[in-house]
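Here it is, the structure in full.
Throughout, a chain's letter reflects where its sequence line sits, starting with A, and its residues are numbered from 1.
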2 protein chains.
Amino acid sequence: MSDHVHEAADLTKNQSLVMGALTRSKGPLSAYTILDQLRDNGFRAPLQVYRALDKLVEFGLVHRLESLNAFVACRHPGCDGDDTIAFMICERCGQVNEISDNDLALRLKHLAGEASFALKKTTIELRGICRTCQAS
Amino acid sequence: MSDHVHEAADLTKNQSLVMGALTRSKGPLSAYTILDQLRDNGFRAPLQVYRALDKLVEFGLVHRLESLNAFVACRHPGCDGDDTIAFMICERCGQVNEISDNDLALRLKHLAGEASFALKKTTIELRGICRTCQAS
DNA sequence: CGCAATCTCGTTATGAGATAACGTCACACA
DNA sequence: TGTGTGACGTTATCTCATAACGAGATTGCG
């Protein structure tokens, strides 16, 4: 059984609220945007958001997008706990697509192996224009 | 001839100073660290550094590491102007290695193509422990 | 020449992103 | 009972990045 999804039940109130904000959103959100959205729920300080985000990322429910300083709820198809995920980020509409590709992951592992590099975490972010935005 | 290196001659004074700081450094530097190093050269404000960095990145002489909010001088072997570069970042010693791998680049282009995603820029950053640091 | 366009630069102020440090509270469990 | 742990709230502070304004220098052209 994946230990990736079933944590959802164990979320604390703050974690649930932050997770909710991210799930409702069409695209990535910055910590401060989340904070603003949750002021009515009693959020007052950035740390409340960051603490929740840290845990959600740890659980694998949320990904951090380094090139945007923002966060997205995990939507990647077949949510298999893979830790080598590529993100395609549309610079026009802001939507983010998650891609889990085995060849890609293997290639990266191979390259790390060649260099005797003990790989802990990979960040792959592709910037461009998505199909929908190209059409319009 | 590559249009990647020969720009160096055209650098302005500020750009040269920033480039020098990055070239001297063993690892990546944040903009504010560069600022501090260049105070004796008349630098007083972050913008002086950021403006130079913007140009240097544009010229391909410097890379930005998204996951560190820092910058490195381009050292990648065979400096061929490739825009799909992977970085291996050692979390212990801070050193950064650039890797230019054709298979990896092709795979990413293929994935983007499959999704009809117009790829503009790729960010690949691997975090872990380098060979040297594992030994010690 | 005269004058616009463009580029770099310097400065001040401010906006965004992230964390340190401190104390409180609730709960589990020996 | 009391001790440890983890989430929480608050204030202050740190780091990263850019907006907005104006001054010089350079180029190119009528």
Roughly, in whole Å, what's the span from CG in B:Leu65 to P in D:dC16? 13 Å
Distance criterion of 3.5 Å, no angle test: do you see the side chain of A:Arg51 paired donor-to-acceptor with the base of D:dG6?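 A donor-acceptor contact between them is absent.
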I want to confirm an ordering. Mapping A:Ser30 and B:Leu47 to their closest nucleotides on DNA chain C, which one lands closer to the 5' end? B:Leu47
Quickly, which of A:Asp54, A:Leu35, A:Leu17 forms a side-chain contact (heavy atoms from CB on, under 4.5 Å) with A:Val49? Name it, please.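 It is A:Leu35; the other options fail the test.
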Does B:Gln48 have a side-chain nitrogen or oxygen under 4.0 Å from the phosphate oxygens OP1 or OP2 of C:dC9? no
To the nearest angstrom, how far is B:Leu53 atom CG from C:dT8 atom C1'? 15 Å
Proximal nucleotide (of D:dA17, C:dT8, D:dC16) relative to the B:Thr12 side chain: C:dT8
Select one nucleotide: of D:dT18, D:dG9, D:dA7, the one nearest the side-chain heavy atoms of A:Asn14.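 The listed nucleotide nearest to A:Asn14's side chain is D:dG9.
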Of B:Pro46 and B:Gln15, whose nearest nucleotide on DNA chain C comes first from the 5' end?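 So the residue in question is B:Gln15.
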Quick one: is A:Arg64 getting a side-chain N or O under 4.0 Å of the C:dG17 phosphate, OP1 or OP2?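 Result: no.
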So B:Ala31, base contact, sugar-phosphate only, or nothing? Heavy-atom distance under 4.0 Å.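 Here B:Ala31 touches no strand at all.
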About how many Å separate SG of A:Cys130 and CE of A:Met88, when rounded to the nearest 0.5 Å?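 Going from the CE atom of A:Met88 to the SG atom of A:Cys130 covers 8.5 Å.
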Rounded to the nearest 0.5 Å, how far apart are CZ of A:Arg51 and CD of A:Gln15?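 Reported value, rounded in 0.5 Å steps: 11.0 Å.
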If I compare all heavy atoms of A:Gly128 with all of B:Phe117, which pair ends up nearest, and what's the gap?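 Of all heavy-atom pairs spanning A:Gly128 and B:Phe117, the closest is N-CZ, 3.3 Å.
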Atom CZ of B:Phe43 and atom P of C:dT11 are separated, to the nearest Å, by 11 Å
Expressed in angstrom and rounded to an integer, what is the separation of A:Asp54 atom CG from D:dC8 atom P?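 Taking atom P of D:dC8 as the reference, CG of A:Asp54 is at 12 Å.
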Using whole Å, report how far CG of A:Leu17 lies from C1' of D:dA7. 14 Å
Please state how far atom CG in A:Leu29 lies from atom P in C:dA16, giving the value in whole angstrom units.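 From A:Leu29 CG to C:dA16 P: 15 Å.
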Taking 4.0 Å as the cut-off, does a side-chain nitrogen or oxygen of B:Asn69 come that near to OP1 or OP2 on D:dA17?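 Checking B:Asn69 against D:dA17: at least one side-chain N or O falls below 4.0 Å of OP1 or OP2.
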Rounded distance (Å) that lies between atom P of C:dT12 and atom CZ of B:Arg44: 8 Å
For atom CG of A:Asp36 and atom P of C:dG17, their distance in whole Å: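 After rounding, the reported distance stands at 10 Å.
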Closest nucleotide among C:dG17, D:dA17, C:dT11 to the A:Tyr32 side chain: C:dG17
Quick one: are the ring centres of A:His63 and A:Phe71 less than 6.0 Å apart?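 Not under 6.0 Å, so no.
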Below 4.0 angstrom from OP1 or OP2 of C:dT8, is there any side-chain N or O of B:Lys13? no
If you only use heavy atoms from C-beta on, which nucleotide in D:dC16, D:dA7, D:dT10 is closest to the side chain of B:Tyr50?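 Closest nucleotide to the B:Tyr50 side chain: D:dC16.
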